[in-house]
A.B. asks: 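Sharing a structure, written as structure tokens. Questions coming.
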Amino acid sequence: MATNRRVLLKSRPQGEPTPANFEVVDQAIPEPKDGEYLSRTIWLSLDPYMRGRMAEAKGYASNVNLGDAMVGGTVGQVVKSRNPRFNEGDYVVEYAGWQSYAVSTGDMSMKLDPDAAPLSTALSVLGMPGMTAWWGLMEIGKPKAGETVVVSAASGAVGSVVGQLAKIKGCRAVGIAGGKEKCDYVVNELGFDACVDYRAAGGNLFKELRAAAPKGIDVYFENVGGAVQAAVVPQLNDFARVPLCGLISQYNEMQMSPGPDWRLLLIKRATVTGFIVSDHFGQMADFWKEVPPLVKAGRIKYREDVVKGIENAPEAFIGLLKGRNFGKLLVQVAEDPTRK
């Protein structure tokens with residue numbers, strides 16, 4: 001008999017999360033009430049922001065309570081409905097979290113056309129990561145032809161789109177990634193002009209970056225913080241723009257690391273703007289006008305790193321925070337009927 005397999009937050013991590021912070025349980029499949037539907041999760045997105053939701057300290061969104069399922073974006077299929085807006089068989093992108101079945105009112109759900117694009121792309125290049133890349137680069141970075149755009153975590157779901165959009169806008173795109181394989185992918189497959197391997201660079205990261213961006217940096221799309229940020233900030237050009245998307249290298253730290261030298265930011269008259277993409281979902285229609293046609297035409301490519309089985313989500317998430325994934329990290333919770 002089918003059950004609802006769920007991954008719960010068992011304890012709050014001190015530093016790096018461990019498998020002991022999670023608990024996998026099998027529970028009864030819930031029944032939808034009037035105005036609700038029941039969906040079966042097919043795809044689960046794993047994202048760095050989830051580390052903040054595991055903490056006790058208040059963040060920009062509600063944290064996960066101990067004993068509750070971990071939060072996360074999902075793609076599912078409606079299997080039972082008491083909501084006239086959703087029919088059995090509909091595919092939906094929603095926020096069902098780390099569980100194989102979920103009940104929803106549909107207020108935050110959106111139907112998907114499985115013939116328009118693979119379902120998984122609603123969680124990657126055509127979903128939140130793609131929207132994050134597009135909005136941050138276009139609205140904060142404001143790239144101009146001939147400028148140099150540098151993006152950290154360049155092989156990831158967000159960074160890969162940032163660099164490809166920069167190239168489309170006529171910029172020099174420089175990526176920073178961990179490992180030769182990722183850097184080769186960024187340059188040879190995605191079309192970046194250069195990629196710096198921060199792991200191989202060691203103490204020469206500043207020098208390697210200077211060689212890759214000899215005219216300085218006009219836009220830095222910040223995803224990681226730490227040593228990478230320290231190498232980038234001194235190389236910002238006057239009036240540079242820095243979309244601050246994430247600081248993944250610092251999420252597990254027990255104490256805050258020193259930030260960039262504000263004196264340099266002042267001298268360079270740089271603009272650093274932190275943003276949370278959910279604040280800008282009102283512009284999703286503009287994103288859909290520009291990015292999906294580029295993906296369909298092959299001008300924006302994407303890569304998925306798929307882990308099968310929701311019980312494997314904790315280990316995959318722990319690896320995500322250490323940079324082990326290659327591309328958009330997804331958990332395939334159930335078979336995707338639309339995939340050949």
Side-chain angles (χ1 to χ4, degrees), residues 1-10 17 19 21-32 36-51 53-54 64 67-81 86-106 108-114 116-130 156-157 302-321 324-340:
M1 183 178 296
T3 59
N4 184 20
R5 179 156 289 186
R6 311 175 75 214
V7 180
L8 312 180
L9 178 61
K10 184 178 181 180
N21 295 129
F22 304 91
E23 182 179 13
V24 180
V25 299
D26 289 318
Q27 298 177 342
I29 297 174
E31 284 290 328
E36 297 179 336
Y37 68 79
L38 172 69
S39 64
R40 176 178 58 91
T41 303
I42 299 172
W43 296 102
L44 165 67
S45 175
L46 296 182
D47 301 283
Y49 76 82
M50 296 171 177
R51 175 62 182 84
R53 303 293 179 86
M54 298 175 72
V64 180
D68 286 353
M70 285 288 294
V71 296
T74 57
V75 167
Q77 185 174 27
V78 177
V79 294
K80 189 179 295 186
S81 181
F86 296 89
N87 299 316
E88 292 182 13
D90 284 347
Y91 294 102
V92 290
V93 58
E94 51 189 352
Y95 205 62
W98 297 23
Q99 54 186 345
S100 52
Y101 289 87
V103 164
S104 173
T105 61
M108 300 295 291
S109 306
M110 183 182 70
K111 292 183 183 181
L112 296 174
D113 178 0
L119 294 177
S120 58
T121 61
L123 300 174
S124 59
V125 67
L126 301 183
M128 183 268 287
Y302 66 96
R303 179 182 178 123
E304 297 174 343
D305 189 338
V306 176
V307 174
K308 293 190 175 183
I310 197 166
E311 64 276 4
N312 295 315
E315 284 286 359
F317 176 67
I318 291 168
L320 169 69
L321 297 177
R324 293 176 183 164
N325 62 298
F326 192 168
K328 172 58 193 167
L329 184 57
L330 297 169
V331 177
Q332 186 169 2
V333 181
E335 182 181 357
D336 185 342
T338 68
R339 287 210 168 186
K340 306 299 182 185

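If you read the sequence from its start, that first residue is 1, and numbering goes on from there. Just so you know, these numbers use all the heavy atoms, side chains as well, and skip hydrogens, waters and symmetry mates.
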A.B. asks: Taking only residues two or more places apart in sequence, or in another chain, which ones meet N325 in a side chain to side chain donor-acceptor pair (under 3.5 Å)?
C.D. replies: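 Listed in chain order: nothing, the list is empty.
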A.B. asks: Identify the heavy atoms of G72 and M50 that sit nearest to each other, and give their distance.
C.D. replies: CA-CE, 3.5 Å
A.B. asks: Rounded at 0.5 Å granularity, tell me how far CZ in R40 sits from CD in E335.
C.D. replies: 8.0 Å
A.B. asks: Between D68 and R6, is there a salt bridge with N-O shorter than 4.0 Å?
C.D. replies: no
A.B. asks: Drop me the distance from T41's OG1 to N4's CG, to the nearest 0.5 angstrom.
C.D. replies: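 Result: 8.0 Å between the selected atoms.
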A.B. asks: Taking all non-hydrogen atoms of both residues, which atom of Q77 and which atom of G89 are closest, and how far apart?
C.D. replies: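 Result for this residue pair: NE2-O, 3.2 Å.
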A.B. asks: Hey, what do you get for CG (D26) to OG (S100), rounding to the nearest 0.5 Å?
C.D. replies: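 These two atoms lie 7.5 Å from each other.
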A.B. asks: Check side chain to side chain donor-acceptor pair (under 3.5 Å) between E31 and all other residues, then give those that pass, not counting sequence neighbours.
C.D. replies: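 Here the qualifying residues are K80.
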A.B. asks: List in chain and number order the residues that pass side chain to side chain donor-acceptor pair (under 3.5 Å) with T121, two or more places apart in sequence or in another chain; answer none if no residue qualifies.
C.D. replies: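 If we apply the side chain to side chain donor-acceptor pair (under 3.5 Å) test to T121, skipping adjacent residues, there are no hits.
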A.B. asks: Can you name the closest pair of heavy atoms from V93 and A122 and give their distance?
C.D. replies: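 Heavy atoms of V93 and A122 come nearest at CG2-O, 4.1 Å.
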A.B. asks: Using every non-hydrogen atom in the two residues, find where L329 and A316 come nearest and quote the distance to one decimal.
C.D. replies: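 Reported closest heavy-atom pair: CD2-O, 3.4 Å.
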A.B. asks: Are side-chain heavy atoms of T105 and E36 found at a separation under 4.5 Å?
C.D. replies: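 A side-chain contact under 4.5 Å exists here.
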A.B. asks: Would you mind reporting whether F22 and K10 have side-chain heavy atoms less than 4.5 Å apart?
C.D. replies: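 In short, these two side chains do not touch, never coming nearer than 4.5 Å.
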A.B. asks: Side-chain contact test, heavy atoms from C-beta onward, threshold under 4.5 Å: evaluate it for M54 versus M70 and give yes or no.
C.D. replies: yes
A.B. asks: Please check if the side chain of W98 supplies one atom and the backbone of V71 the other of a donor-acceptor pair under 3.5 Å.
C.D. replies: yes
A.B. asks: What verdict does the side chain to side chain donor-acceptor pair (under 3.5 Å) test give for S109 and Y37, after you've listed the backbone C-alpha separation in whole Å, the side-chain angles of each residue and the deciding distance to 0.1 Å?
C.D. replies: CA-CA 11 Å; S109 306; Y37 68 79; 2.8 Å; yes
A.B. asks: Could you tell me which non-hydrogen atom of G309 sits nearest to which non-hydrogen atom of V331, and how far apart they are?
C.D. replies: O-CG1, 3.6 Å
A.B. asks: What residues form a side chain to side chain donor-acceptor pair (under 3.5 Å) with Y302, not counting sequence neighbours?
C.D. replies: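 Partners of Y302 by the side chain to side chain donor-acceptor pair (under 3.5 Å) criterion come out as none, since no residue qualifies.
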A.B. asks: Can you pull out every salt bridge (Lys or Arg N to Asp or Glu O under 4.0 Å) where at least one residue sits in residues 304-314? Sequence neighbours excluded, please.
C.D. replies: R5-E311, E304-R339
A.B. asks: First locate atom CD of Q99, then atom CG of L8, and finally report the distance between them rounded to the nearest 0.5 Å.
C.D. replies: 9.0 Å
A.B. asks: Which distance, rounded to the nearest 0.5 Å, do you find between the OG1 of T74 and the CG of L123?
C.D. replies: 7.0 Å
A.B. asks: Would you indicate whether the side-chain heavy atoms of P114 and D336 approach each other to under 4.5 Å?
C.D. replies: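 When only atoms from C-beta onward are counted, P114 and D336 do not touch, as no gap falls below 4.5 Å.
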A.B. asks: Taking side chain as C-beta onward, heavy atoms only, is S124 less than 4.5 Å from R303?
C.D. replies: no
A.B. asks: Could you list all the salt bridge (Lys or Arg N to Asp or Glu O under 4.0 Å) pairs where at least one residue sits in residues 87-100, not counting sequence neighbours?
C.D. replies: D90-K111
A.B. asks: Which word best sums up how the rings of Y49 and Y95 line up, parallel for under 30°, tilted for 30 to 60°, or perpendicular for over 60°?
C.D. replies: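 Answer is parallel, since the angle falls under 30°.
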A.B. asks: Does any part of the side chain of L38, heavy atoms only, come nearer than 4.5 Å to the side chain of P30, both counted from C-beta?
C.D. replies: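 Yes, at least one pair of side-chain atoms sits under 4.5 Å.
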A.B. asks: Kindly indicate whether the side chain of N87, heavy atoms from C-beta on, has any atom under 4.5 Å from the side chain of S81.
C.D. replies: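 Contact flag for N87/S81 side chains = no.
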A.B. asks: Can you name the nearest heavy-atom pair linking L9 to V64, along with the distance?
C.D. replies: CD2-O, 3.6 Å
A.B. asks: Less than 4.5 Å apart, side chain to side chain, heavy atoms only: is that true for E315 and V307?
C.D. replies: no
